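Just below is one structure, and these are the notes that go with it.
Since we're looking at a predicted model, the values are computed, not measured. Reminder, nothing fancy here: chain letters follow the sequence lines and each chain counts from 1.
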There are 2 protein chains.
Amino acid sequence: MSNGAETNDTGAVDEDSSGAADDRQPEVEAARQKVIGAMERSAEVYGLNRSYGRLYGILYFQDDPVSLDELTDRSGYAKSTVSTAMKKLERLHLVHRRSVPGEGKKAFFEAEREFWQVIQELLRHEVKREIDIMTRALDEAEQRLEAAEDERAEQDLEKVRHLERMFGRGERLVNVLTGSSVERLTSLLERLRRE
Amino acid sequence: MSNGAETNDTGAVDEDSSGAADDRQPEVEAARQKVIGAMERSAEVYGLNRSYGRLYGILYFQDDPVSLDELTDRSGYAKSTVSTAMKKLERLHLVHRRSVPGEGKKAFFEAEREFWQVIQELLRHEVKREIDIMTRALDEAEQRLEAAEDERAEQDLEKVRHLERMFGRGERLVNVLTGSSVERLTSLLERLRRE
DNA sequence: CGTTTTATTCGGCATTGACCGAATATTTCG
DNA sequence: CGAAATATTCGGTCAATGCCGAATAAAACG
């Protein structure tokens, strides 16, 4: 607990590129914390844990990959907590695990900073899988309902088919979104806005 | 607990339009349960509770608005649970609260069956609000960093601006999506696929 | 192959959240 | 306005989750 203020209480942590400790300039640190705080909030809203937002935020501002130990220092969480959090963040494609040549087994992490990339991966894997499962359930339900000749069955059938149409559209949308490059999609968006 | 099988254990619940009890045709009921089960799963995946998926599913298959008491019967949950669940589902724009003329205070609910509608409302309210909050945090961070003349600040500034660009795009996307009718967007999607 | 370094898993505690039934508030109707 | 019908809130219980530190496993190194 009391995680808000103790982020850099360990004092002289060696810094990545500029070489200086990063709690020197209080304004810079305040700016970072502002953004990281917003990320924590976002994480919470989108169904994740605040800690994930925090950890992602820490990574976001580091130029070079960060080791597990350094992350535990910077975040204030226990190593085990960070380890499991990293596993989840990796599954969400929000961070990447790196290994650094001279550093043995040590694991390093870096933030994926292109959100569109993250969204695409999520669509490709999680969302697509959900659509597939739903589609299978709908198909099976449709077959059962077609077999049963019943007034009740007719009404349900209509509703099931409505769902099938919507999920079909969803699937096509996902295909388009995951099949295009970021550039193509942004230019498309621009065109859209002007039309 | 044991929610899977006890949905219609109360026997003769009066049925809406067709007039017949709906656990007569086991095939029809099985089809429904298949779909409702998939909805429960989906709810879970998208960060909601299984019970919400279940309640939505029950509503989805009813032609006419359903009262709280009937929902309680059909779902097996306590009235208080259903009440709070409905409040949340309303906030998510997944169900609408209706009042029926002759029925006094009694509240009725019906499912919003057009998912795109749901998504648009969600974008318009929740997502937009999140984007706004993040944007404010980023602006403030940017100002602080512009004030501090520091090598460190430069690097952070770059990253903050990167976030601002991404969220700016996100906002424009949300605007386009919420500003267009379903028809326009589906036809657009079709065009997109063919290009 | 043992030792060292590092990551992961596990058991346990504290917090949170879901759900319930009872109590309370609100609305409608006579 | 009082009584009846209905919805909501509240306190409590149980399960799930987050987080920790210790124990274990896995990998790299000499």
Side-chain angles (χ1 to χ4, degrees), chain A residues 1-4 6-7 9-10 40-41 43-56 58-59 65-92 95-110, chain B residues 1-4 6-7 9-10 40-41 43-56 58-59 65-92 95-110:
Chain A
M1 56 205 78
S2 80
N3 246 330
E6 60 171 5
T7 315
D9 56 356
T10 45
E40 284 186 52
R41 212 196 110 92
E44 200 170 26
V45 169
Y46 291 115
L48 298 178
N49 208 302
R50 290 188 74 85
S51 57
Y52 296 173
R54 177 175 202 76
L55 287 164
Y56 178 84
I58 292 170
L59 283 181
V66 180
S67 75
L68 206 53
D69 279 320
E70 198 178 333
L71 262 178
T72 44
D73 277 358
R74 288 188 184 274
S75 68
Y77 291 115
K79 196 171 183 179
S80 53
T81 306
V82 178
S83 176
T84 49
M86 285 302 113
K87 203 159 42 175
K88 182 144 192 176
L89 286 176
E90 272 187 281
R91 262 201 289 116
L92 295 174
V95 313
H96 303 291
R97 181 177 302 240
R98 285 285 167 79
S99 49
V100 172
E103 292 281 10
K105 188 193 181 182
K106 214 166 191 170
F108 293 83
F109 300 90
E110 73 180 342
Chain B
M1 59 206 73
S2 78
N3 245 330
E6 60 172 5
T7 314
D9 56 357
T10 45
E40 284 187 50
R41 211 198 112 92
E44 199 171 26
V45 169
Y46 291 116
L48 299 178
N49 209 303
R50 289 188 75 85
S51 57
Y52 296 173
R54 175 174 203 77
L55 287 165
Y56 177 85
I58 292 171
L59 283 180
V66 180
S67 75
L68 206 53
D69 279 320
E70 197 178 332
L71 261 178
T72 310
D73 279 357
R74 288 187 183 275
S75 68
Y77 292 115
K79 197 170 181 178
S80 54
T81 307
V82 177
S83 177
T84 48
M86 284 303 112
K87 204 159 42 176
K88 182 144 193 178
L89 285 175
E90 270 186 282
R91 262 201 290 116
L92 294 174
V95 314
H96 302 293
R97 181 177 301 237
R98 285 286 168 79
S99 50
V100 172
E103 292 282 11
K105 189 193 180 183
K106 214 165 189 171
F108 293 83
F109 301 91
E110 74 181 341

In whole angstrom, give the distance that lies between atom [atom1] of [X] and atom [atom2] of [N].
X       : N       : atom1 : atom2 : answer
L55(B)  : dC19(C) : CG    : C1'   : 12 Å
E44(B)  : dG17(C) : CD    : P     : 16 Å
E103(A) : dC29(D) : CD    : P     : 10 Å
K88(B)  : dA7(D)  : NZ    : P     : 21 Å
F109(B) : dT6(D)  : CZ    : P     : 14 Å
M86(B)  : dT9(D)  : CE    : P     : 15 Å
Y77(B)  : dT8(D)  : OH    : P     : 18 Å
L68(B)  : dA25(C) : CG    : P     : 19 Å

Atom pair [atom1] ([X]) and [atom2] ([Y]), whose distance is rounded to the nearest 0.5 Å:
X       : Y      : atom1 : atom2 : result
L71(B)  : L59(B) : CG    : CG    : 4.5 Å
Y52(B)  : M86(B) : OH    : CE    : 9.0 Å
F109(B) : L89(B) : CZ    : CG    : 9.5 Å

Counting only side-chain nitrogens and oxygens, does [X] get under 4.0 Å of the OP1 or OP2 atom of [N]?
X      : N       : value
R97(A) : dT8(C)  : yes
S80(A) : dG21(D) : no
K87(B) : dT9(D)  : yes
S51(B) : dC19(C) : yes
K79(B) : dA7(D)  : yes
N49(A) : dT16(C) : no

**Request:** Could you walk me through whether K79(A) and D69(A) pass the side-chain contact (heavy atoms from CB on, under 4.5 Å) test, one step at a time?
**Result:** CA-CA 7 Å; K79(A) 196 171 183 179; D69(A) 279 320; 3.2 Å; yes
**Request:** For R50(A) and for T81(B), find the nucleotide of DNA chain D with the closest heavy atom, then tell me which residue's nucleotide is more 5'.
**Result:**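 Nearest-nucleotide comparison on DNA chain D picks T81(B).
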**Message:** Nearest to the K106(A) side chain among dG21(C), dA7(C), dT9(D), which nucleotide is it?
**Reply:** dA7(C)
**Request:** Can you figure out which of dA7(D), dC20(C), dC19(D) approaches the side chain of A78(B) most closely?
**Result:** dC20(C)
**Message:** Tell me whether the side-chain N or O atoms of K105(B) pair up with the base of dA5(D) as donor and acceptor below 3.5 Å, since no angle test is needed here.
**Reply:**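 Between dA5(D) and K105(B), which were checked side chain against base, a qualifying N/O pair under 3.5 Å is absent.
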**Message:** If you define the side chain from C-beta out and look only at heavy atoms, does anything of S75(B) sit under 4.5 Å from V82(B)?
**Reply:** yes
